Amino acid sequence: MGTMEVDRGDGRTPNQMRPLACSRNILNRAHGSSRWSQGNTIVLAAVYGPKAGTRKGENPEVASIEVIWKPKTGQIGKQEKEYEIILKRTLRSICLLTIHPNTTTSIILQVVGDDGALLPCAINASCAALVDAGIPLKHLAVAICCGLTETGSLILDPTKIEEQKLQAFACLVFPNSPISVIPKVSSSAEEPFEHGIITSVTHGAMPVHDYFNCLERGRAACSKISEFLRRSLQSDSSNDTSKAR
Amino acid sequence: MASSSSIASKGSLDIAGEMEVEAFRRLFPHRYYEHYLAQSVRPDARPLNHARETTIALGPVTSVDGSALVKIGESTMLAAIKLEVMTPAADLPDKGCLAVDFYMPPVCSPTVRPGRPAEIAPVISKKLQDVIVSSGMINFEELSLISGKAAWMAYLDIYCLNADGSLFDAALLSAVAAFSHLKVPLVSVNDNGRVTTVPGELLESKSELELVNKERRKLSFKSIPFSLTCLLHNKYILADPTAEEEDIMDTLVTVVVDSIGQLVSLYKAGGMVLANTSTVKDCVALAKRRAAELQNILLESLSEMEVD
Amino acid sequence: MATAPTTYSPSQALERRQQQQRRRIFKEEDWVRSDGRGFNQCRPAFLRTGAANAASGSAYAEFGTTKVIVSVFGPRESKKAMMYSDIGRLNCNVSFTTFSTPIRGQGLDNKEFSSMLHKALEGAIILESFPKTTVDVFALVLESGGSDLPVIISCASLALADAGIMMYDLVSSVSVSCFGKSLIIDPTAEEEAFQDGSFMVTYMPSRKEVTQLTLTGEWSTAKINEAMELCLDACLKLADVMRSCLKEAANAG
């Protein structure tokens, strides 16, 4: 099933992702910012926080996260609200919320270009922006979009034209494994940490076993994205000494 | 601590002890639930993988073409479908259209106020639209009247009357039930080219205007989607959570499977607990079991309606 | 898919024709109501409390095809913007579903009904019993089959009783339409559309006090007296039905 050659418009193999680029600290008034691009899908993320006070109805014993999604064109509708809720819940699970209780951290996403796989790009961008702002995180999150074509083969990171022809696609977010000073005693009975799914949003109907294949492919690709993220964060952090706060 | 010792001897509590239990439930919800989860039940003696009692009532609203009232436990949803005529899009002349709207009026929950709509309402609305369209339940060509000129636009409005957890499940079930109950009205074209309804008695007298659709039709379904929401907490999977459980434990997984066994949607948005493959497999298996249950309940209520 | 294609309901033309036929009927001298009731007969009422468990109290009422659900929340904290007050506050809101009317509507809040509901209830509730807090009454009309506001008011007072808010008495309400010389009670939607005048009374039976009276159209004094007697009689009977419903709920729970 996976060995069929799929003819992708830009000549990529089914398992190949588009070129990734990440730059941080591009907005000097925001506490943290980043710009993440996967091919022509570009998302700009800005983080402001922690700011004092929570909204009414939120639990004041933990920090709260607020997400605002700005589309490239058009008004804010249900699709944007859905993205906001997904992002908010995903980012809540990676932040250490008890360190700054009764505060609000706002994350604003601006879509600069939309060429497929928009949600994973936004999640990666916001994760990099949170690191840039210095918000305490448990671990990083990497996101990938995996699609099932009509012929039954899986492709990674589809473009918009490919997305419209897909039978179904899934956006998956996996944790980036923490490299700790103390080596962990590996317990072979449980699955490794990186295999847990933080978020999974599917679109379109697909057979159950195809979904599990998507998970496998997604995990493998995410480990590559994790390495890229780690490299780009490490190289940048040695350069910037002062930040406007 | 005094409260925990009263929990230990829970069996022999009197009224004074009951108050302490309620206070403990509010102040330390996680520990209160852990006691029950360790024995694989929930505080209301429901096993972890059982859903709440589900009832479907078809046709409560008479002024619309199809309606259904669904109760899962205490969560109540009312779905109604109104059919109106529209001109189809130029590139899809044979297809009708569907617009789904989910409302949470202030009646349903103390957190919703008239000026402040619920955050989750547009999200559920969009998810419902996606699931119904991508599951292929409705064949849009059945909604076409005259190719290129007129087609049905189905307005599906779902109102939440009481919010007690698993809102998406109840909403999807009510939408499916309303579609099963839907009767497409008889129409014919009048001289101005507008489509009008034809009341039953005039059937014989109509000569030159042929009826566009022959009988009060029901739609046919390729595959019906059913959903199940599960809550993940440490190693436990709780099926069909109530609102109280959803507040305390925040990792929700919604699995939608359809009657031909496909996975229509798997929605997990963040949450403290990471799901690994075995957990996902368990959730999907639970969802399939629930889909079979719901299919039976839906068929029963449909057949009850036929009898009347 | 088009964003918002203009649609029309196919039954519009048919309904207009039917309405024109009806108009002629109402002008005749002796006519029978479409559901076979007498002029002085109200629709059978189905009332139930405890419909929504998320609310402090709730009630569901069905009078013929008019279906209303009312939830009461409170007494709960007032909004921070409100000033201190040593009596309680009442906040009412009435909204219609999009499918409640035969032509699909917008489902907006009905501000006029909300303020009339407020005026009808505030005379009956003992506001001094919950100072500094607010009681919220939310009504949702599921299907509008005529005589909506009286049904909403009766259902709301049942929900308040279910929530345990202290009141002077149960409030019941009935409306009467006038067609030329005849008066009919509890009109349906099509009868309301052709009425010459309407008369609505909200009444507390045990205290024999009227909390709200609304009159539209031209009425002579004799007619008003006759309508008043009709209404008060019907309100008494309706209050008895409401009381028995509450007793049943109390015995069952």
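Order of the sequence lines sets the chain letters (A, B, ...), proteins ahead of strands, with each chain counted from 1. Just so we're clear, the structure is a prediction, and the values are computed from it rather than from any experiment.
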Distance in Å, K78(A) NZ paired with D130(B) CG, rounded so as to fall on 0.5 Å steps: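 K78(A) atom NZ to D130(B) atom CG measures 10.5 Å (nearest 0.5 Å).
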Straight-line distance of R89(A) CZ to D250(B) CG, nearest 0.5 Å: 8.0 Å
Whether over 12 other heavy atoms sit under 6.0 Å from K81(A) NZ: no
Heavy-atom neighbours of I248(B) CD1 exceed 12 at 6.0 Å: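 Enclosed.
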Contact summary for S134(B) and G204(A), nearest pair of heavy atoms: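 Looking at all heavy atoms of both residues, the closest pair is CB-CA, 3.7 Å.
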Qualifying residue, where the test is side chain to side chain contact (heavy atoms under 4.5 Å, CB included) with V208(A) and the options are L266(B), L263(B), V255(B), V280(B): L263(B)
Interface moiety of K281(B) toward chain A, non-hydrogen atoms closer than 4.5 Å: both
Side chain proximity check, K126(B) to I85(A), heavy atoms < 4.5 angstrom: no
Largest heavy-atom contact set with chain B, pairs under 4.5 Å, which of A168(A), P207(A), A170(A):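 That would be P207(A).
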Top of A121(B), S135(B), S125(B) for chain A proximity - count of heavy-atom pairs under 4.5 angstrom: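 The residue among A121(B), S135(B), S125(B) with the greatest pair count is S125(B).
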Contact class of Q167(A) relative to chain B, heavy atoms under 4.5 angstrom: side chain
Residue pairs involving residues 261-276 of chain B (criterion salt bridge (charged side-chain N to carboxylate O under 4.0 Å, His left out); sequence neighbours excluded):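 Listed once each, the pairs would be none.
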